[in-house]
Amino acid sequence: MEARTLELVFPEHTNPLGAAFGGFVLGLMDKVGSYAAARRAKKPVVTVAVSSVEFKVPIRTGDLLEVVARVVRVGRTSLTVEVEVYKERFGQENGRVLATKGELTYVAVNERGQPVPVDQDAGAD
């Protein structure tokens with residue numbers, strides 16, 4: 001299962017040197033990652049872990065970001081999602097570049113916020 005979105009980086013998302021705040025990028029990764037996990041679980045999910053994040057190249061004001069999230073593992077109640085953030089600068093020849101990559105874990109929950117099982121067969125890729 002996959003989810004993706006596009007986001008443009010504005011000055012309010014960056015530090016005085018024009019580089020995106022890590023928290024801004026992590027927020028996008030968590031949001032899109034949760035979409036992929038919820039689509040696969042067919043239930044609400046909550047974030048339980050960010051196991052790794054690697055900022056490979058700077059993201060700057062004016063970059064167009066494509067955030068791509070893929071479910072890579074399904075446990076009894078948890079889902080592991082790999083999230084990649086690609087940046088694209090209009091008018092540059094190098095095109096789309098992998099800027100950030102990470103792995104996040106979500107747990108499917110009921111309306112009271114308690115963990116619930118994920119159907120192991122539903123929505124498998």
Side-chain angles (χ1 to χ4, degrees):
M1 189 59 58
E2 181 178 287
R4 61 180 61 223
T5 193
L6 296 172
E7 183 81 27
L8 192 59
V9 180
F10 289 98
E12 61 266 22
H13 303 137
T14 64
N15 65 26
L17 299 176
F21 290 119
F24 166 71
V25 177
L26 285 171
L28 291 174
M29 294 173 73
D30 189 25
K31 182 167 54 171
V32 180
S34 73
Y35 297 163
R39 287 178 82 188
R40 171 57 180 84
K42 296 184 173 45
K43 298 175 169 91
V45 298
V46 295
T47 309
V48 295
V50 177
S51 11
S52 66
V53 174
E54 183 180 354
F55 296 95
K56 297 178 170 289
V57 296
I59 294 171
R60 305 253 179 233
T61 302
D63 286 342
L64 177 66
L65 304 181
E66 181 178 15
V67 185
V68 181
R70 290 180 194 85
V71 175
V72 294
R73 189 186 74 73
V74 177
R76 192 177 77 75
T77 62
S78 67
L79 303 100
T80 302
V81 179
E82 180 182 88
V83 183
E84 297 173 329
V85 179
Y86 295 89
K87 73 173 196 167
E88 185 176 342
R89 174 64 64 155
F90 298 121
Q92 287 191 351
E93 291 182 24
N94 59 354
R96 191 170 173 256
V97 175
L98 178 62
T100 306
K101 183 177 183 177
E103 189 174 273
L104 294 88
T105 304
Y106 301 87
V107 168
V109 295
N110 63 18
E111 60 280 348
R112 294 182 307 249
Q114 300 167 321
V116 292
V118 174
D119 182 354
Q120 297 298 313
D121 298 322
D125 290 333

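A distance of 11.0 Å separates CG in Leu6 from CG in Leu28, rounded to the nearest 0.5 Å. For the atom pair OG1 of Thr77 and CD of Gln114, the computed distance is 12.0 Å after rounding to the nearest 0.5 Å. Going from atom CG of Leu26 over to atom NZ of Lys31 covers 13.0 Å, rounded to the nearest 0.5 Å.
Side-chain atoms of Glu88 and Tyr86 include no donor-acceptor pair closer than 3.5 Å. Using a 3.5 Å distance cut-off with no hydrogens or angles, the side chains of Thr105 and Arg73 do not pair a donor with an acceptor.
Checking side-chain atoms of Lys43 against main-chain N and O of Pro117 turns up a donor-acceptor pair under 3.5 Å. Within the 3.5 Å criterion, the main-chain N or O of Pro58 finds a donor-acceptor partner in the side chain of Lys87. In this structure, the side chain of Tyr106 engages the main chain of Asp30 through a donor-acceptor pair within 3.5 Å. Between the Asp63 side chain and the Leu65 main chain, no donor and acceptor come within less than 3.5 Å of each other.
Across every non-hydrogen atom of Gly75 and Val118, the tightest pair is O-CB, 4.2 Å. Here the closest non-hydrogen pair linking Ala69 and Val32 is CB-O, 3.6 Å. Scanning both residues, Ala108 and Val45, for their nearest heavy atoms gives CA-CG1, 4.0 Å. Between Val68 and Arg4, the shortest heavy-atom contact is CG1-NH2, 3.6 Å. Between Ala36 and Met1 the shortest heavy-atom distance is O-CG, 3.7 Å. Of all non-hydrogen atoms in Val85 and Met29, the two that sit nearest each other are CG2-CG, 3.6 Å.
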- Task: Kindly determine whether Leu98 and Glu84 satisfy side chain to side chain contact (heavy atoms under 4.5 Å, CB included), including the steps that lead there.
- Result: CA-CA 7 Å; Leu98 178 62; Glu84 297 173 329; 3.7 Å; yes
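Val74 is listed as a side-chain neighbour of Arg40, based on a closest heavy-atom distance under 4.5 Å. Inter-residue side-chain proximity for Glu103 and Thr80 is flagged as met; some heavy-atom pair is nearer than 4.5 Å.
Residue Leu64 is not grouped with residue Val97 when hydrophobic side chains (ILVMFWY) are merged at heavy-atom distances under 4.5 angstrom, including chains of intermediate members. Hydrophobic cluster membership is shared by Val53 and Val9, with clusters built from Ile, Leu, Val, Met, Phe, Trp and Tyr side chains linked at under 4.5 angstrom. Residues Val83 and Val72 do not share a hydrophobic cluster, clusters being chains of Ile/Leu/Val/Met/Phe/Trp/Tyr side chains in contact below 4.5 Å.
Under the rule for a side chain to side chain donor-acceptor pair (under 3.5 Å), the partners of Lys56 that lie at least two apart in sequence or sit in another chain are Glu54.
Salt-bridge annotation for Glu2 and Arg39: absent, with no side-chain N of the basic residue lying under 4.0 Å from a carboxylate O of the acidic one.
The other residues sharing a hydrophobic cluster with Val109 are Val46, Val48, Val107, where clustering joins ILVMFWY side chains under 4.5 Å apart.
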